[in-house]
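The structure under discussion appears below in the form of structure tokens.
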Amino acid sequence: MKISNDIVEKHGLKLEEYDLIKNLMEREPNLLELGIFSAMWNEHCSYKSSKIHLKKLPTKNSCVIQGPGENAGVIDIGDDDAIIFKIESHNHPSFIEPYQGAATGVGGILRDVFTMGARPIALLNSIHFGDPKNKKTRNLLHGVVSGIGGYGNCIGIPTVAGETKFNSTYNENILVNAMAVGHANKNKIFYSKAKGIDKSVVYVGSKTGRDGIHGASMASAEFDENSEEKKPTVQVGDPFTEKLLMEACLELMKDKSIISIQDMGAAGLTSSSVEMASKGNLGIEINLEKVPCREDKMTPYEIMLSESQERMLLIIDEKKEKSAEKIFRKWDLDFVVIGKTIEEKKLKLNHNDQKVADIPIDALASKAPLYDRKWNKTKLPEKKVKFNTLKKIKFEDTLIKILSSCNQSNKNWVTEQYDQMVMGDTLQRSGSDSALIKIHNKDKAVAVTVDSSANYCKSHPFTGGKQIVCESWRNLISVGAKPLAITNCLNFGNPENPDVMGQFAEAVSGMKEACEFLDFPVVSGNVSFYNGTNQRNIYPTPVIGGVGILNKMNYKKNHILKKESNLVLIVGKTFGHLYQSVFFEEIYSLFDGPPPEVNLLNERNNGKMVLDLIKKNLVSSIHDISAGGLIIALSEMCIGSELGIKIEKPKKMRNLFEYFYGEDQGRYVIEIEATNLNKVQKLLKENNIFNDVIGKVQKDYFELSDEFKINIKELYNLNNKWYYNY
Amino acid sequence: MLKPLLLNSKKNKLKFAVTVTLKKDVLDPQGKVVQQTLRNMGMITLKNLRQGKYFEVDVNEDNEETAKNKVDEMCKKLLVNLIIEDFTISKL
Amino acid sequence: MNSSVIVFPGSNCDRDIAVALEKLQFKNKMVWHKDTELPKSDLIVIPGGFSYGDYLRSGAIAGKSLILKEVIRASEKGCPILGVCNGFQILIETGLLKGTLLRNKNLKFLSKDVYLKILNIKNKFCNKYTLNQVIKLNIAHNEGNYFTNEEHLKKLEDLELIPFKYCNEKGVIDENNNPNGSLNNIAGIFNENKNILGMMPHPERMINKLFSGDDGINLFSSLMN
């Protein structure tokens, strides 16, 4: 079959890229080969637009065992324990079929983690939907939440934290990002790099069907009116088979049979075999008729590009084949030797004794195109609106409106659909700044959180990029954990648009600055471009997954008030920055102005000091101050506790709204015993950290003198009702 | 009190059966496990099994064609997830 | 005391139950579903999870496994058998317990802490609790909405075969404090001999004060008596 320009374009390749393929191949490819190139060279697999920017991010420090480039990142948490984690997007499939899209997103990220030898211990997610008034939103929300739950609950890994947000920017392109965290022995980590010639290439797991053919290409193209036609490519998840696959892999990993292992994710058998060969600097030959197929008469093209779930590719020492096969049979899974490693650095495919493809590995991997796309800088927006010119409004009304809004209301409706307790090691569930998962049989726990701030990133991507890294850092500290490393999922619009590319470049630069300053490296991640429809790009939405370590379980902290008459302190300086705040958005529908400034020096100092106070056992409860400002942080400390706070108006302040709703960074609220006040204030003063006593814990009421007095139960109800009424 | 509107209708009641199955090429995890279990129980001649859903739908219409179109609309709008499922309608 | 935990493909609370049993000094063994012999046991536990993915009906396929024939035989000899969550569903599918577990009334998976009122302490499973004590346990299920016919329900109530019901923190049993729609707020039931207990809440998840609470411990320690 002659490859026409039309066929090239249908594969999502540019004509210049096709010329490059012909050069690298020194001939015209056949259709199968073209399909393989399109899968490997698309944005999702090749990172062709993002790579030159991602290189800037810090990826190493003393705790990093494996940075980006593997199935997931690996960090050392002491005592031979390693934590393996990664976040990944499944945005486009979830918009098309929300339940299966979200479910397979969870399945995929879990495989990335257990492929490396880790038992998954926690799942997290960041999901963004359109305006609740948009008629698609409700169905998408229900589908995605039950899909995430359906997969995680069934496989039996607790879903412990996440964020659910709404903004009209996601009306036609929702975001579904899933993160998995696993625990392994640091001396037993498995990598995807192939080693040795003539070693068996083994296919394990589910059979290959016609699912998701060209899913990876789909994830790299904007939606248009015809996206309906692309529908049949959505894969169906089978968490039960994945559970069997996970147990079988972990059982096999107890000895040294596996030389290398790679999950078949996006672009299935193609990307897994090419990545293993490329990293191992060798070639792979596969006999496609040996691949277990679900349907009759599947073509080589379909077999190579299928994205059927719950499959893995292994390279195994031939002496261990029998014992390995026995394990997979015990779990009723396919185990088939489909090929071998070869010296010639090529991907060679045969089908019933016919050669069907022969491509140099380098052409697919290291020689894939890289783009330094044109990008525009985003100017820091001016502060146009003056607060004192806005319509006056009662403080109590604003608080009630914000607490009962879709984005600030509590997420019980969501989290009740996730099993958060299975595995028995959930020390702290969602609803806190970070969740805590105990390391099985040890007196320590990992803290995990996911965060994003699309409004800040839209307004000024560089500051926004810095801010989310800091927010993740604060959320870890607020449960008593030492922040260690992050994973990032970078959700952006069309990179061929210089404004979008600029948002990306600058957000990454902002992250780099914060990560370097806080010694908080990026160890894994994923880029999702082309989020948008017909040139309407989504807000730049980088999502950060942070991991920290709680060295002793009794350092554990949360934001729930503990004791009547305790004092409530604010740590960190308040300036009253209202631009890009929840207050401006919810009350005045104002979206202009810059995000709050991020001072990394203060951020680090304040965080380290707060952690020190926790270790000295001076903190009863703690909450980081983020979206919604001080008053929302205080409200959340009351909600879910039996206690309230009586807040005193601050002596020095310009304006009540600025003080309580300002979203200045680097701040925490802490609850302390009254008798410890002098000790705490002395320590803070010695370290030049601003603090102020703002109130006292009391029974039953959340109260600000002269402004409002709300019963705690009522506060809970108004914060809890949105989802149940939607 | 609410009037039992439908009972007063002059139109006849027509009954249809709707069978919903997963599309041919879509993975059917449930069918796969049920099939395996039946085989393990000794039903070795079982070749293939796929799981689906069944609805019985009564429609107050005189014309069978119109009624069937209504059921077809119900399928497409709600009963069936057209992305992964197929359906057939038959008159009872 | 020897205990056995039956493991099916898709069981996922097996380790959690084993941790709880070992914490209370049971000598525990894991028994794979394809095994045909049960080790000598003073307690058999069928743990929670999604045996066979919950495909077809929750617990239906596990109910057909070989090892369950042995479990039934042991139960006839009076061996205590505990089925938690999916384990409860499996006990119902095998006929060891009567009734059925429907989908939750809100048609969604429900994972939350709930309160239970202890209504019967004269049995092997609850003798360490006090009568009318309110305890907090965690539930996590799709199908926990207990239903049975009137005659059987009357028997359950009359013969005191309901060890606990869903309630609020003060012990009030009513429809507002019925998380999944179960008949009469039933959270668990016995067979007539009271040696088989099926329950939806997970006692193994509440065995540590530092975590979410330890109200589940007494269920296991009762069995040590």
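Letters go in sequence order (proteins before strands), and every chain restarts at 1.
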- Verify the neighbour count for atom CD1 of B:I44: are there more than 12 heavy atoms of other residues, nucleotides or ligands below 6.0 Å? no
- Query: How about C:L219 and C:F164: do any of their side-chain heavy atoms sit closer than 4.5 Å?
  - Reply: yes
- Query: Can you check side chain to side chain contact (heavy atoms under 4.5 Å, CB included) on C:L68 and C:I6, steps first, answer last?
  - Reply: CA-CA 9 Å; C:L68 273 173; C:I6 316 285; 5.9 Å; no
- Query: What distance do C:L56 atom CG and C:I61 atom CD1 have between them, rounded to the nearest 0.5 Å?
  - Reply: 5.5 Å
- Item | Check against salt bridge (Lys or Arg N to Asp or Glu O under 4.0 Å), B:E85 and B:K23 | CA-CA 5 Å; B:E85 292 171 336; B:K23 282 184 180 164; over 6 Å; no
- Query: Using a heavy-atom distance cut-off of less than 4.5 Å, which residues of residues 70-82 of chain B contact chain C?
  - Reply: none
- State, to 0.1 Å, how close C:G99 and C:I92 come at their nearest heavy-atom pair, and which atoms those are. O-CG2, 3.3 Å
- Task: Specify the closest pair of heavy atoms between C:F190 and C:F125, including all atoms of both residues, with the distance to one decimal.
- Result: CE2-CD1, 3.5 Å
- Those residues at least two apart in sequence (or on a different chain) that pass side chain to side chain donor-acceptor pair (under 3.5 Å) with B:T19 are none
Once you leave out hydrogens and angles, what donor-acceptor pairs under 3.5 Å do chain B and chain C share?
| residue | atom | partner | partner atom | Å |
| --- | --- | --- | --- | --- |
| B:Q30 | OE1 | C:L56 | N | 2.8 |

- Task: Sort and list the pairs that fulfil salt bridge (Lys or Arg N to Asp or Glu O under 4.0 Å) and have at least one residue in residues 176-188 of chain C, not counting sequence neighbours.
- Result: none
